[in-house]
Q: 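Quick one: the structure is below, questions incoming.
The chains referred to below are lettered A, B, ... by the order of the sequence lines, with proteins before strands, and numbering in each begins at 1.
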Amino acid sequence: MPELPEVEAFAQALRPFVERRTILKCRVIHPIAVRPSSGRGAKQAAAAMERHVRGQRVMAVQRFGKYLILQLAGGCLVMHFRLDGQLLWFDSRKTTGHVDVAFEMKHGTLGFVDQRHFGRVHWAASPEVIPGIAAMGVDPLSKEFTATRLTELLARSRRPLKLFLLDQDKIAGIGNIYSNEAMWHARIDPRRPASGLSTAEARKLHKAIVEVLRRALECCLHPAPDLRDANWWFQGLEKIVRVYGREGKKCRRCRAPIQRIAQGGRSTFWCAHCQK
DNA sequence: CCTGCTACCTGATGGC
DNA sequence: TGCCATCAGGTAGCAG
């Protein structure tokens with residue numbers, strides 16, 4: 001559930017299940033999911049997590065960028081879903097599917113699920129000790145994310161706009177889908193250097209980013225996410241996507257064919273006719 | 001400091 | 001059918 005809207009929707013859906021409840025037991029089933037970023041010490045990390053988390057009460061659920069945080073009475077659980085990770089709720093201690101880490105509570109079990117094992121769960125004394133969180137840029141749905149702020153950030157980067165938007169240290173929470181969508185709505189060529197945008201273009205882009213993310217979040221919240229359904233977040237996407245994944249199909253504005261190009265090793269979808 | 005490339009994993013899909 | 005290449009919503013680590 002990678003990008004900001006999906007993680008935010010998940011945080012909201014998760015709260016009634018876990019807030020003010022106690023994790024009776026933590027089971028690390030696939031230690032790879034708790035492996036430190038150094039790549040070694042997965043077993044020790046697993047043992048440490050099970051020890052730290054057992055008996056802890058969940059005080060709050062928060063989102064930082066694409067990270068989901070469970071604030072515990074002592075310390076916190078920091079989760080990142082990368083490409084395919086997700087959370088699932090099971091009504092008993094029994095879990096099914098590719099659960100990497102299970103958090104058992106009195107009324108059921110929260111499972112961190114990722115069959116591809118890209119996603120990560122870390123225990124930390126506080127979220128800021130995670131480097132990706134410490135360096136994180138402005139949240140695009142916060143009031144700090146203004147057109148002026150975006151203009152300043154753009155001015156300091158000569159990278160192609162697409163790569164700028166994916167940089168979590170600048171704006172936190174935008175991924176491949178919503179970066180494509182925002183640039184399409186703002187009618188800006190993804191290859192252009194970030195610093196080359198005019199003030200008017202920056203303002204248009206700001207509006208597009210906020211609207212795309214707000215709309216996606218609304219879509220994710222209605223109907224409300226079902227933590228028991230492994231596929232909920234996949235569903236609403238079709239309704240809001242205008243360019244992502246539409247290579248060769250007609251642009252919904254001008255009917256020109258949507259192009260796919262590679263930027264930073266990832267696909268960018270855009271309309272060469274109406275994005276300038 | 002900034003930028004660009006690759007590894008990390010597994011499964012689905014499409015061409016031959 | 002089988003085999004191989006390519007692709008997938010992300011980021012850390014490293015080299016230059």
Q: Which part of the nucleic acid, if any, lies within reach of A:Tyr67 when heavy atoms closer than 4.0 Å are counted: base, sugar-phosphate only, or nothing?
A: sugar-phosphate
Q: Pick the closest DNA chain B nucleotide for A:Arg116 and for A:Ser157 by heavy atoms, then say which residue is nearer the 5' end.
A: A:Ser157
Q: What's the closest nucleotide to the A:His117 side chain, out of B:dT3, B:dC9, C:dG10?
A: B:dC9
Q: Return the nearest nucleotide to the side chain of A:Asn176; candidates are B:dG4, B:dC9, C:dG10.
A: C:dG10
Q: What's the gap between B:dG11 and C:dA12 when it is taken at their P atoms, as a whole Å value?
A: 24 Å
Q: Calculate the interatomic distance between A:Arg246 atom CZ and C:dA8 atom P; express it in whole Å.
A: 16 Å
Q: My understanding is that a pair needs two contacts under 3.5 Å, Watson-Crick or G-U wobble. By that rule, which nucleotide pairs with C:dA8?
A: B:dT10
Q: Choosing from C:dT11, B:dG11, B:dC9, which nucleotide comes nearest the side chain of A:Gln115?
A: B:dG11
Q: Is the shortest side-chain N/O distance from A:Arg82 to OP1 or OP2 of B:dC8 below 4.0 Å?
A: no
Q: When the P atoms of C:dC14 and B:dC9 are considered, how many whole Å apart are they?
A: 15 Å
Q: Measure CE/A:Met136 against P/C:dT11 and give the value in whole Å, please.
A: 8 Å
Q: Would you mind reading off the distance between A:Arg266 atom CZ and B:dA7 atom P, rounded to a whole angstrom?
A: 16 Å
Q: Among the nucleotides C:dG10, B:dG4, C:dA8, which one has an atom lying closest to any side-chain atom of A:Leu163?
A: B:dG4
Q: Heavy-atom count check: over 12 atoms from other residues, nucleotides or ligands less than 6.0 Å from A:Lys276 NZ?
A: yes
Q: For DNA chain C, whose closest nucleotide is more 5', that of A:Phe269 or that of A:Gln168?
A: A:Phe269
Q: Do NZ/NE/NH1/NH2 and the carboxylate oxygens of A:Arg116 and A:Asp114 come within less than 4.0 Å?
A: no
Q: What's A:Arg158 touching, base or sugar-phosphate or nothing? Going by heavy atoms closer than 4.0 Å.
A: sugar-phosphate
Q: Do you reckon A:Val101 sits in the same ILVMFWY cluster as A:Val113, going by side-chain contacts under 4.5 Å, direct or chained?
A: no
Q: Under 4.0 angstrom, heavy atoms only, what part of the nucleic acid is A:Gly175 near: base, sugar-phosphate, or nothing?
A: sugar-phosphate
Q: Take the protein atom CZ of A:Arg40 and the nucleotide atom P of B:dA7, then report the distance between them rounded to whole Å.
A: 20 Å
Q: Please state whether the phosphate of C:dG10, meaning OP1 or OP2, lies under 4.0 angstrom from any side-chain nitrogen or oxygen of A:His80.
A: no
Q: Between A:Gln263 and A:Thr268, is the side-chain hydrogen bond (donor to acceptor under 3.5 Å, both in side chains) condition met? List the steps.
A: CA-CA 6 Å; A:Gln263 290 185 286; A:Thr268 297; 2.6 Å; yes
Q: Report yes if at least one side-chain N or O of A:Ser267 is closer than 4.0 Å to OP1 or OP2 of C:dA8; otherwise report no.
A: yes
Q: Distance check: side-chain N/O of A:Ser37 vs OP1/OP2 of C:dG13, anything under 4.0 Å?
A: yes
Q: With distance as the sole criterion, is a donor-acceptor pair present between the side chains of A:Ser267 and A:Arg260 under 3.5 Å?
A: yes
Q: Roughly, in whole Å, what's the span from CG in A:Leu83 to C1' in B:dC8?
A: 10 Å
Q: Are the charged groups of A:Glu19 and A:Arg15 less than 4.0 angstrom apart, N to O?
A: yes
Q: Rounding to a whole Å, what distance do you find between A:Ile171:CD1 and C:dG10:P?
A: 14 Å
Q: Which nucleotide sits closest to the side chain of A:Phe118: C:dA12, B:dC9, C:dA8?
A: B:dC9
Q: Can you measure A:Ile174 atom CD1 to C:dT11 atom P for me and round it to whole angstrom units?
A: 11 Å
Q: Which part of the nucleic acid, if any, lies within reach of A:Arg35 when heavy atoms closer than 4.0 Å are counted: base, sugar-phosphate only, or nothing?
A: sugar-phosphate
Q: Once you round it to whole Å, what is the distance between C1' of B:dA12 and NE2 of A:His98?
A: 13 Å
Q: When you compare C:dC7 with B:dT6, how far apart are their P atoms, in angstrom units rounded to a whole number?
A: 14 Å
Q: A:Glu6 and A:Tyr178: side-chain donor and acceptor closer than 3.5 Å?
A: yes
